Amino acid sequence: MAIALGKPGVDGLSEAVGVLRDWQYDGAPMQLHPGDLGWFWRSGTEATADAVRTWRRDGRILAVGLLDGPALLRLTIAPDARRDEELAQRLVDDVTEPERGVLPEGRANIEAPVGALVQDLLSEDGWDVDEPWTPLRRDLTEPVEDPGVRIEVVGPEQAHVFAAVHRAAFEGSSFTHERWHAMAAGSPYADARCLLAYDDHGNGVAAVTVWSAGPGKPGLLEPMGVHRDHRRHGHGRAITVAAAAALKELGSSSALVCTPSSNSGAVATYTSAGFQRLPEVRDRYRAS
């Protein structure tokens, strides 16, 4: 049967999250994770549904994309369909023609798993590679050390503190406690935790959200940040270790994170917390 491009709608979001969970496994190329949809959910359920694209054949979802910005498609593909020629060509056609409702005209980026046939076809179609990102992984089969600071799991009563630390960690962030509640209402958050680290004076100094994909599957850190007034004191390492411990408690087999390779401070923080660098990955981009 022909491959069909569609939007899941609000009622179909749970199915999209479910297939993303199924496609996660240790050793997989860095790819779209259910936690990526979970973090996007801070914009609300309807906005999340509007940003998701699915490609189906005979009713089965073969690929899921998240428009993580007007001109950035984060795409992943069922493991057994990554070299499917019909699917790869359909994906390229759909992202190339603006009238199909995936990407607009002009400059655009696509994140796709390394080794997928769509990468080859995009290259042949003139899509170049963009700046490198560094994925990092920590195995969770062994016990995780104590982070050495006070850590709290965020509930509704701490949402305003979490939001304040997040805004102070990321320049230009518009995250609010209302957005935290929207995120926490999404289905991926059932297997997620927000954590806050506090210093000896009771100040919130760092924040992280961790997303499980289910027992025995890799979990994701997205995002992690340290308050701009409390940097260079080891709080980034502490909250990252706490994140690994939280994912282990949730049953994750490993913890994943990905950061721009140019952000050497972030890479150093993750490696100090026991994460191992994986080979760099790059988006494909089309010049305007």
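Just so it is clear, the structure is predicted and the values come from calculations on it, not from any experiment. Computation of the quantities below employed the complete heavy-atom set of this structure, encompassing side-chain atoms and omitting hydrogens, waters and symmetry-equivalent molecules.
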Apply side-chain contact (heavy atoms from CB on, under 4.5 Å) to residues Y189 and C194 and explain how you reach the verdict. CA-CA 9 Å; Y189 198 76; C194 287; 3.5 Å; yes
Cut-off 3.5 Å, side chains only: do Q276 and R138 have a donor facing an acceptor? no
Determine all donor-acceptor pairs shorter than 3.5 Å in which one atom belongs to a side chain in residues 165-175; sequence neighbours excluded.
{"unit_1": "H166", "atom_1": "ND1", "unit_2": "S173", "atom_2": "OG", "d": "2.9"}
{"unit_1": "R167", "atom_1": "NH1", "unit_2": "F175", "atom_2": "O", "d": "2.8"}
{"unit_1": "S173", "atom_1": "OG", "unit_2": "F175", "atom_2": "N", "d": "3.1"}

In chain order, what residues pass the side-chain hydrogen bond (donor to acceptor under 3.5 Å, both in side chains) check against S43, with sequence neighbours excluded? none
I'd like to know if D128 pairs up with R286 as an ion pair, taking the criterion as any Lys NZ or Arg NE/NH1/NH2 lying under 4.0 Å from an Asp or Glu carboxylate oxygen. no
Exam field: side chain R21 to backbone H33, donor-acceptor pair closer than 3.5 Å: no
Lys/Arg-Asp/Glu bridge criterion (N-O < 4.0 Å) met for D139, R137: yes
Counting N and O atoms only, with roles assigned by atom type, does the side chain of H227 sit under 3.5 Å from a partner on the main chain of D229, one being a donor and the other an acceptor? yes
Please check: side-chain N/O of S252 versus main-chain N/O of A255, any donor-acceptor pairing under 3.5 Å? no
Strictly by salt bridge (charged side-chain N to carboxylate O under 4.0 Å, His left out), give each pair with a member in residues 1-10 just once, sequence neighbours left out. K7-D50
Carboxylate-amine/guanidinium proximity below 4.0 Å for E152 and R193: no
When you compare the side chains of S261 and T134, does any donor N or O come within less than 3.5 Å of an acceptor on the partner? yes
May I ask you to check whether S254 and D26 show a side-chain donor-acceptor distance below 3.5 Å? yes
Please list all pairs meeting salt bridge (charged side-chain N to carboxylate O under 4.0 Å, His left out) that have one or both residues in residues 79-93, counting only residues at least two apart or in different chains. R57-D84, R57-E86, R60-D80, R83-D120, R90-D94
When every non-hydrogen atom of A192 is compared with those of W211, the smallest separation belongs to CB-CE3, 3.3 Å
Check: residues 235-246 side-chain donor-acceptor pairs under 3.5 Å, at least two apart:
{"unit_1": "R237", "atom_1": "NE", "unit_2": "S272", "atom_2": "O", "d": "3.1"}
{"unit_1": "R237", "atom_1": "NH2", "unit_2": "E145", "atom_2": "OE2", "d": "3.4"}
{"unit_1": "T240", "atom_1": "OG1", "unit_2": "G236", "atom_2": "O", "d": "2.7"}

Considering only distance and modelled atom types, tabulate donor-acceptor pairs under 3.5 Å from the side chains of residues 104-117, sequence neighbours left out.
{"unit_1": "R107", "atom_1": "NE", "unit_2": "N109", "atom_2": "OD1", "d": "3.3"}
{"unit_1": "R107", "atom_1": "NH2", "unit_2": "D130", "atom_2": "OD2", "d": "2.7"}
{"unit_1": "N109", "atom_1": "ND2", "unit_2": "D130", "atom_2": "OD2", "d": "2.8"}
{"unit_1": "E111", "atom_1": "OE1", "unit_2": "R74", "atom_2": "NE", "d": "3.2"}
{"unit_1": "E111", "atom_1": "OE2", "unit_2": "R74", "atom_2": "NE", "d": "3.3"}

Could you verify whether a donor N or O on one side chain and an acceptor N or O on the other, from W41 and T45, lie under 3.5 Å apart? yes
Going through the checks in order, is the side-chain contact (heavy atoms from CB on, under 4.5 Å) test met by V257 and L220? CA-CA 6 Å; V257 69; L220 179 73; 5.6 Å; no
Does D68 reach the main-chain N or O of L72 with its side chain, forming a donor-acceptor pair under 3.5 Å? no
Do the side chains of I3 and V92 join up, straight or via other hydrophobic residues, at under 4.5 Å, putting them in one cluster? yes
Gap separating the CD1 atom of I77 from the CG atom of L62, nearest 0.5 angstrom: 9.0 Å
Hey, could you give me the CG/CD distance between L37 and E222, rounded to the nearest 0.5 Å? 11.5 Å
